[in-house]
Amino acid sequence: MKILMVLTSHDKLGDTGKKTGFWVEEFAAPYYVLADAGAEITLASPKGGQPPIDPSSTTEDAQTEATKRFDKDEELKKKLSMTKKLEDVKAEDFDGVFYPGGHGPLWDLSNDLKSIALIEAFNEQMKPMAFVCHGPAALANVEDHKKPLVRGKNVTGFANTEEEAVQLTDVVPFSIEDKMNQLGANFSKGEDWSSYVMVDGRLVTGQNPASSEKAARELLKMLQKKAV
């Protein structure tokens, strides 16, 4: 199993002067679920190199078993510091793809032409794809036969109530929930901050950091089924 993980390269939280990036839990938990199952994982980002870590995801209350494991994992940290550029990866080299969140993707991956083309290629090749929290921002401009890829699909992502809770509703360029509804997706959500994952065909979406492990397990299930 060869899996591509795509991380954001964007580190500015709008005009707030604060930093953002990817959310550690949403990277670490899926990474270990997939790696422990024997998957070979390649990391990529729009700019390549070290992707920015959202400082909010390193605070004490954001720590989980997966983030604690990552903190001690020098090998993975080194690998993370050398992500490939998106332009240097091709969908045909992988069996599936995973997009962690953090607020960064709202700014870069939502409009990144390389990322859009990559997701469209994974879709055409009928390969499973997973997006968690703000990761579904990467689907904002992805099409399937000239229509939004998510149209008519059951999806989830970071909910408006969760965005309000972190007081970033007026900072983000768009909300995941509103964008998915605008694109004609069937958006649903579970309780705020609880694990909630939707699976529709080969598309897996998770609502928030707590959903990242389950989203990875759903992706893994599809890959293992395909390998049988």
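Atom set for the values below is all heavy atoms of this structure, side chains included, hydrogens, waters and symmetry mates excluded. Because the structure is predicted, anything quoted here is derived from the model rather than measured.
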Ring pair (Phe, Tyr, Trp, His ring centres under 6.0 Å) partners of residues 172-223, not counting sequence neighbours, each pair once: F158-W193
What are the two closest heavy atoms between [X] and [Y], and how far apart are they?
X: E74; Y: D71; result: OE2-O, 4.0 Å
X: S56; Y: A62; result: O-CB, 3.8 Å
X: S188; Y: M198; result: OG-SD, 3.6 Å
X: C133; Y: P209; result: SG-CD, 3.8 Å

Polar contact flag, side-chain donor to acceptor under 3.5 angstrom, T161-K189: yes
Measure the [atom1]-[atom2] distance between [X] and [Y] for me, rounded to the nearest 0.5 Å.
X: E26; Y: S57; atom1: CD; atom2: OG; answer: 8.5 Å
X: L220; Y: K225; atom1: CG; atom2: NZ; answer: 11.5 Å
X: K127; Y: R202; atom1: NZ; atom2: CZ; answer: 11.5 Å
X: E124; Y: M126; atom1: CD; atom2: CE; answer: 11.5 Å
X: L139; Y: L183; atom1: CG; atom2: CG; answer: 9.0 Å
X: Q125; Y: F94; atom1: CD; atom2: CZ; answer: 11.0 Å

Looking at [X] and [Y], does any basic side-chain N land under 4.0 Å from a carboxylate oxygen?
X: K79; Y: E75; value: no
X: E218; Y: K214; value: yes
X: D36; Y: R69; value: yes

Give a yes or no answer on whether the side chain of [X] reaches the backbone of [Y] with a donor-acceptor pair at less than 3.5 Å.
X: E163; Y: A159; result: no
X: T83; Y: G49; result: yes
X: H145; Y: K147; result: no
X: D95; Y: K2; result: yes
X: E177; Y: N160; result: yes
X: N208; Y: S194; result: yes
X: E120; Y: E143; result: yes

More than 12 heavy atoms of other residues, nucleotides or ligands under 6.0 Å from [atom1] of [X]: is that the case?
X: K77; atom1: NZ; result: yes
X: E191; atom1: CD; result: no
X: D15; atom1: CG; result: no

Just say parallel, tilted or perpendicular for the rings of F27 and F70, cut-offs at 30° and 60°. perpendicular
Can you find a heavy atom in the side chain of [X] that is under 4.5 Å from one in the side chain of [Y]?
X: H134; Y: I176; result: yes
X: P52; Y: K19; result: no
X: P128; Y: V204; result: no
X: D108; Y: K47; result: no
X: L13; Y: L168; result: yes
X: N111; Y: N141; result: yes
X: T20; Y: L106; result: no
X: W107; Y: P173; result: yes

Transitively linked via ILVMFWY side-chain contacts under 4.5 Å: [X] with [Y]?
X: L76; Y: F98; result: yes
X: L219; Y: F122; result: no
X: M129; Y: L223; result: no
X: W23; Y: Y32; result: no
X: L7; Y: V132; result: yes

Mind running side chain to side chain contact (heavy atoms under 4.5 Å, CB included) on S115 and Y99 for me, showing each step along the way? CA-CA 10 Å; S115 176; Y99 276 71; 2.8 Å; yes
Please test V199 against M222 for side chain to side chain contact (heavy atoms under 4.5 Å, CB included), starting from the C-alpha separation and ending with a verdict. CA-CA 10 Å; V199 178; M222 286 184 200; 3.4 Å; yes
Test log, rule side chain to side chain contact (heavy atoms under 4.5 Å, CB included), inputs L4 and L118: CA-CA 11 Å; L4 179 66; L118 189 69; 3.5 Å; yes
My understanding is that only residues two or more places apart in sequence, or in another chain, count here; which of them pass side chain to side chain donor-acceptor pair (under 3.5 Å) with Q207? E162
Using the rule side-chain hydrogen bond (donor to acceptor under 3.5 Å, both in side chains), only one of T58, T64, T67 pairs with E25; which is it? T64
Take D178 and S175 through the side chain to side chain donor-acceptor pair (under 3.5 Å) test and state the conclusion after the steps. CA-CA 5 Å; D178 291 352; S175 90; 3.3 Å; yes
Full working for side chain to side chain contact (heavy atoms under 4.5 Å, CB included) between I119 and V97: CA-CA 8 Å; I119 296 168; V97 67; 5.7 Å; no
